[in-house]
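Below is one structure, written out as structure tokens; the observations come after it.
Chain letters run A, B, ... following the sequence lines, proteins first, then strands; residues in each count from 1.
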2 protein chains.
Amino acid sequence: MKNRNCIIRLSRYKTALYRLKALGFVKVFSDNLAEAIGVMPSQVRKDFSLFGISGKKRGGYHIDALIERLNEILGKDKVHTVIIVGCGHIGSALMKYRKFEDGGIKIAAGFDIDPAKHAQDADIPVFPIDRVKPFIKEHNVELAIIAVPDIAAQQVADMLISAGIKGILNFAPIRLRCPEGSIAHNINLELELENLIYFVNVLKKKRVNPDETENA
Amino acid sequence: MKNRNCIIRLSRYKTALYRLKALGFVKVFSDNLAEAIGVMPSQVRKDFSLFGISGKKRGGYHIDALIERLNEILGKDKVHTVIIVGCGHIGSALMKYRKFEDGGIKIAAGFDIDPAKHAQDADIPVFPIDRVKPFIKEHNVELAIIAVPDIAAQQVADMLISAGIKGILNFAPIRLRCPEGSIAHNINLELELENLIYFVNVLKKKRVNPDETENA
DNA sequence: AGTATTTTGTGAAAAATTTCACATTTCATT
DNA sequence: AATGAAATGTGAAATTTTTCACAAAATACT
Ligand SMILES: NC(=O)c1ccc[n+]([C@@H]2O[C@H](COP(=O)([O-])OP(=O)(O)OC[C@H]3O[C@@H](n4cnc5c(N)ncnc54)[C@H](O)[C@@H]3O)[C@@H](O)[C@H]2O)c1
Ligand SMILES: NC(=O)c1ccc[n+]([C@@H]2O[C@H](COP(=O)([O-])OP(=O)(O)OC[C@H]3O[C@@H](n4cnc5c(N)ncnc54)[C@H](O)[C@@H]3O)[C@@H](O)[C@H]2O)c1
């Protein structure tokens with residue numbers, strides 16, 4: 001029911017709603033949202049009913065109220081503080097990304113083992129890794145992004161969790177294990193590319209032989 | 001049946017197999033793979049049977065043969081050339097990532113609209129954006145990574161597809177539309193963080209009130 | 001060689017997710 | 001105020017995906 005895909009759809013509805021709002025719309029119907037994110041209108045209504053979101057028959061949903069409700073459900077009604085561990089290529093790209101802040105995600109600091117990466121006076125400071133535990137405790141940080149090499153990732157994750165981190169977004173190409181009470185989501189870009197390659201091949205086979213292949 | 005999740009699992013099995021192989025294993029059973037990627041053994045066997053992969057009863061699967069077969073299914077039995085459009089923070093992080101090449105994914109060049117990003121003599125060169133069409137045609141490139149600002153992304157995608165690109169991995173936070181015969185996968189990092197935030201909140205509610213909440 | 005044990009491969013069952021379909025409500029128009 | 005059209009909310013149906021469970025095969029052991 002309230003599975004990962006459903007939550008992802010809620011985020012997508014929200015993105016679509018912000019765009020519709022910017023376009024001047026005040027209310028929206030399930031088919032507008034369905035069209036925007038590429039699902040059936042009944043899916044939109046089912047998702048909403050799962051969270052007790054209701055609109056008005058014939059009147060649809062009020063955009064502002066809907067955005068507010070979705071933000072509340074998604075926990076985006078307050079600012080979330082995140083730290084980044086591993087300020088190499090990916091880590092520093094993320095640190096420089098300003099749009100997270102617009103979305104209520106504040107990157108408080110970076111941490112790295114390499115002194116060359118340290119920048120304690122920068123806009124978003126980068127501290128030595130041994131400062132991470134006290135930092136997490138002092139600032140009550142619950143979220144971390146891991147962008148260290150794969151061999152170090154599990155060890156870093158364990159350390160962060162022991163310091164109080166509850167949620168990790170991991171870019172190292174391994175599946176992080178974590179104990180009850182904490183959670184890790186893994187982003188594996190090579191896997192994403194591999195996946196894309198597979199579906200491009202399916203597509204090509206379909207062109208050559210439209211019958212023998214099935215849909216992607 | 002052969003849905004996206006199934007293909008993702010195949011990639012994961014492959015990763016696990018490489019690790020098991022490096023550890024000295026020669027054969028593997030469905031429960032080893034299941035344990036490694038966190039699914040049921042019957043899921044592993046079902047996935048394999050879907051692609052006509054078979055092992056030996058009581059003997060399991062031969063790791064080398066299995067890796068080879070998976071690579072073949074996933075289209076990883078040859079090197080794939082990729083270009084990157086938009087060599088800003090994310091784009092250049094990806095260009096500097098050496099492990100793609102180990103996995104048979106070769107980043108041939110980058111393209112950017114900003115002359116300050118151009119580097120025609122670099123290891124992986126960065127060319128002006130107007131060179132991208134001839135490059136795609138000349139080198140028969142089918143895959144592209146888009147890492148331009150969101151407002152430019154759809155336009156860039158259309159251009160790439162018209163030049164012959166079949167598969168796009170998109171980092172801009174919009175859902176790219178593309179015509180029949182081409183495919184785009186979207187990576188939305190803010191959505192991933194939002195999703196993580198939701199599940200961390202579910203976790204916290206569960207701690208406070210173990211009954212009223214359901215599993216993540 | 002024969003027996004016991006382990007593991008696959010796969011239909012069938014179960015579970016999860018999506019889609020349908022329609023009664024009900026609301027809004028617009030006359 | 002009455003009528004008609006449009007959109008929601010939701011059980012039920014359909015579809016998809018996962019898990020079960022067990023017969024058949026391969027290996028190990030005696
Ligand atoms: N760069 C990419 O495009 C890309 C793509 C896919 C996956 N990844 C993955 O993301 C991770 C980071 O990649 P990258 O390219 O940024 O690598 P990188 O080498 O540029 O950065 C890694 C950083 O982590 C730091 N580090 C190492 N061990 C540490 C520790 N124990 N504690 C704190 N910091 C530590 C290093 O000093 C370095 O600054 C890797 O796991 C990589 O496989 C990167
Ligand atoms: N940096 C991140 O951590 C991050 C995180 C999430 C999402 N993203 C998304 O990834 C994309 C890139 O982000 P970034 O931080 O690397 O931005 P950036 O501004 O650093 O880089 C964008 C690059 O694209 C180039 N560009 C702009 N228009 C172009 C065009 N028409 N053709 C070719 N090149 C063009 C720019 O010159 C620039 O070099 C954005 O859509 C952003 O929303 C980035």
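As rounded to whole Å, 14 Å separates atom P of D/dT16 from atom CD of A/Gln43. Nucleotide C/dA21 holds its P atom 12 Å from the CE atom of A/Met40, rounded to whole Å. Look at NZ on B/Lys46: it is 8 Å from C1' on C/dG9, rounded to the nearest Å. Computed from coordinates, the B/Asn5 CG to C/dT18 P distance equals 11 Å when rounded to whole Å. Atom pair A/Leu33:CG and D/dG9:P shows a separation of 12 Å (rounding to whole Å applied). In this structure, A/Arg4 places its CZ atom 19 Å from C1' of C/dT18, rounding to the nearest Å. The distance between atom CG of A/Leu50 and atom P of D/dT8, rounded to the nearest whole Å, is 17 Å. Protein atom CD1 of B/Ile53 is 12 Å distant from nucleotide atom P of C/dT10, rounded to whole Å.
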Q: At under 4.0 Å between heavy atoms, which parts of nucleotides 22-30 of chain C does protein reach? Answer with one letter per nucleotide, 5' to 3': B base, S sugar-phosphate only, - none.
A: --BBBBS--

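Of the charged side-chain nitrogens involved, at least one lies within less than 4.0 Å of a carboxylate oxygen, so that B/Arg4 and A/Glu192 count as a salt-bridged pair. Remark: B/Lys99 engages A/Asp150 in a salt bridge, criterion side-chain N to carboxylate O under 4.0 Å.
Classified by interplanar angle (parallel below 30°, tilted 30° to 60°, perpendicular above 60°), the ring pair A/Tyr97/A/Phe100 is perpendicular.
The CD1 atom of A/Ile136 lies 10.0 Å from the NZ atom of A/Lys166; values are rounded to the nearest 0.5 Å.
With a 4.5 Å cut-off on side-chain heavy atoms, A/His62 and A/Lys56 do not count as touching. Put simply, the side chain of B/Ile168 does not reach to within 4.5 Å of the side chain of B/Ile145, judged on heavy atoms.
Among the atoms of the strands shown, only primed sugar atoms or phosphate atoms (P, OP1, OP2) are found under 4.0 Å from some heavy atom of A/Tyr61.
For the residue pair B/Ser11/B/Lys76, the side-chain donor-acceptor check at 3.5 Å is not satisfied.
Look at B/Ser49 and you won't find any side-chain N or O under 4.0 angstrom from OP1 or OP2 of C/dG9. Within the structure, every side-chain polar atom (N or O) of A/Ser30 is placed at least 4.0 Å from both OP1 and OP2 of D/dA7. In this model, the phosphate group of C/dT17 is approached by a side-chain N or O of A/Asn3 to a distance below 4.0 Å at OP1 or OP2.
For B/Phe29 and A/Ser42, each mapped to the nucleotide of DNA chain C holding its nearest heavy atom, the one lying further toward the 5' end belongs to B/Phe29.
Of the candidate nucleotides D/dT8, C/dT18, D/dT10, C/dT18 has the atom nearest to the side chain of A/Arg9.
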